[in-house]
Amino acid sequence: MKTILITGATSGIGKATAGLLATQENTLVLCGRRAERLQELSDALSSKTRVHTLCFDVRDRNQVLEQINSLPEDLKQIDVLINNAGNAHGLDFIQDGSLDDWDAMMDGNVKGLLYVTKAVLPGMIAARQGHIINIGSIAAKEVYPRGNVYCASKHAVDALTSAMRQDLLEYGIKVSAIHPGLVNTEFSTVRFKGDTDRADAVYQGMTPLVADDIAEIIAFAISRPRHVNLADLLVLPLDQAGATLVKRKE
Ligand code: NDP
Ligand code: 8X3
């Protein structure tokens with residue numbers, strides 16, 4: 001029985017991962033900002049396993065530390081941390097970008113991941129075991145036009161994943177990154193600020209990944225024997241060969 005903390009569990013990849021891991025004898029700590037969605041998740045999954053929810057914004061370092069430190073004694077020791085919370089905000093040329101969008105991406109995708117990791121790490125270091133899985137992106141490996149700050153934030157996640165793996169080597173802590181290509185979640189709706197037509201166009205004429213595809217890979221990574229680390233994995237739909245190289249039907 002592992003205790004697994006998932007950020008961004010209220011939607012998309014995080015929610016699918018929670019649903020799958022709940023069926024595999026894990027205790028779940030599910031995090032997000034939308035309290036009503038956390039309650040719905042807890043109601044849906046509590047018949048399968050023990051679920052504890054934490055409502056916080058990963059950008060707020062005080063909230064992150066307070067909430068994670070507020071865990072009941074028997075849940076304080078996190079075995080697996082899935083740093084999944086994140087989004088893109090906007091798709092603009094660098095000269096047209098919004099400072100608020102830039103802050104949201106750098107503060108959420110990079111600093112938020114750091115704050116959560118900082119809060120969870122002392123227990124892993126003391127136990128000399130643990131597994132951190134960072135959800136990167138194909139945008140961590142390539143930049144694409146108008147992706148600028150989102151790509152920079154995910155390149156930072158990629159760099160931090162390698163850095164964590166080096167710094168935590170001595171403590172027996174696994175650090176993995178899973179980098180998805182196009183996954184049909186609420187991601188594009190958030191990026192385009194609720195414009196669902198524009199969001200739907202991202203996946204038009206091609207078959208994207210779905211959240212369950214990534215959830216299965218996360219569960220596989222967690223299930224490897226202790227000596228095996230899936231360190232860095234790019235996962236693409238068949239119809240995608242690069243950030244902007246997508247085969248679409250007419
Ligand atoms: P969704 O928009 O469906 O889910 C994003 C999740 O992150 C939500 O649960 C949201 O919860 C949470 N979140 C976002 N910002 C914050 C914040 N400031 N504080 C706390 N939680 C936050 O998108 P996905 O499931 O697709 O995205 C999950 C991860 O996968 C992200 O890191 C994304 O960059 C990455 N990714 C997605 C791809 C895709 O094509 N969909 C491809 C590659 C990577 P709430 O709003 O309740 O706080
Ligand atoms: C999400 C995939 O291609 O929009 O990380 O950057 S992409």
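Because the structure is a prediction, the values reported are computed rather than measured. Counting starts at 1 for both ligands and their atoms, in listed order.
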Option set [options], criterion heavy-atom distance to [atom], minimum:
{"atom": "atom 41 (N) of ligand 1", "options": "Val183, Val210, Leu30", "value": "Val183"}
{"atom": "atom 2 (O) of ligand 1", "options": "Ile6, Thr17, Ile13, Asn87", "value": "Asn87"}
{"atom": "atom 22 (C) of ligand 1", "options": "Ala88, Ala85, Pro237", "value": "Ala85"}
{"atom": "atom 28 (C) of ligand 1", "options": "Val235, Ile138, Asn84, Ile214", "value": "Asn84"}
{"atom": "atom 5 (C) of ligand 1", "options": "Gly136, Gly86, Ala215", "value": "Gly86"}

Polar-atom distance check: [X] versus ligand 1, any N or O pair below 3.5 Å?
{"X": "Gly108", "result": "no"}
{"X": "Ser137", "result": "no"}
{"X": "Tyr203", "result": "no"}
{"X": "Val190", "result": "no"}
{"X": "Pro180", "result": "no"}

Before accepting this row, confirm whether a basic side-chain N of the pair [X]/[Y] lies closer than 4.0 Å to the acidic partner's carboxylate O.
{"X": "Lys141", "Y": "Asp158", "answer": "yes"}
{"X": "Lys193", "Y": "Asp101", "answer": "yes"}
{"X": "Arg50", "Y": "Asp74", "answer": "yes"}
{"X": "Glu186", "Y": "Arg37", "answer": "yes"}

Please could you name the atoms of ligand 1 that [X] approaches to less than 4.0 Å, counting only its heavy atoms?
{"X": "Tyr150", "result": "33 (C), 34 (O), 36 (N), 44 (C)"}
{"X": "Glu186", "result": "2 (O), 3 (O)"}
{"X": "Gly12", "result": "3 (O), 25 (O)"}
{"X": "Arg59", "result": "18 (N)"}

Which residue and heavy atom of the protein sit nearest [atom], plus the separation:
{"atom": "atom 10 (C) of ligand 1", "answer": "Thr10 OG1, 3.8 Å"}
{"atom": "atom 37 (C) of ligand 1", "answer": "Phe187 CD1, 4.0 Å"}
{"atom": "atom 15 (N) of ligand 1", "answer": "Arg33 NH2, 3.2 Å"}

Quick one: does [X] get a heavy atom under 4.0 Å from ligand 1?
{"X": "Thr7", "answer": "no"}
{"X": "Gly181", "answer": "yes"}
{"X": "Ser188", "answer": "no"}

- Item | Cation over ring face, Arg191 and Tyr150, 6.0 Å, 45° | yes
Flag this pair as yes if the NZ/CZ of Arg146 is under 6.0 angstrom from the six-membered ring centre of Phe93 and inside a 45 degree cone about the axis; otherwise no.
-> yes
So OG1 of Thr7 and CG of Leu81: to nearest 0.5 Å the spacing works out to 7.0 Å
Counting heavy atoms under 4.0 Å, the part of Lys15 that contacts ligand 1 is neither
The answer for which part of Tyr115 has a heavy atom under 4.0 Å from ligand 1 is neither
query: With a 4.5 Å limit on heavy-atom distance, are the side chains of Val235 and Ile214 in contact?
result: yes
Would you say the side chains of [X] and [Y] form a donor-acceptor pair under 3.5 Å?
{"X": "Ser176", "Y": "Asp232", "answer": "no"}
{"X": "Asp200", "Y": "Gln204", "answer": "no"}
{"X": "Thr161", "Y": "Asn134", "answer": "yes"}

Exactly one candidate in His131, Gln129, Lys2 meets side chain to side chain donor-acceptor pair (under 3.5 Å) with Asp79; the answer is Gln129
- Message: Using only atom types and a distance under 3.5 Å, with no angle test, would you say the side chain of His179 pairs donor to acceptor with the backbone of Ala140?
- Response: no
Is there a heavy atom of Lys154 sitting under 4.0 angstrom from any atom of ligand 2? no
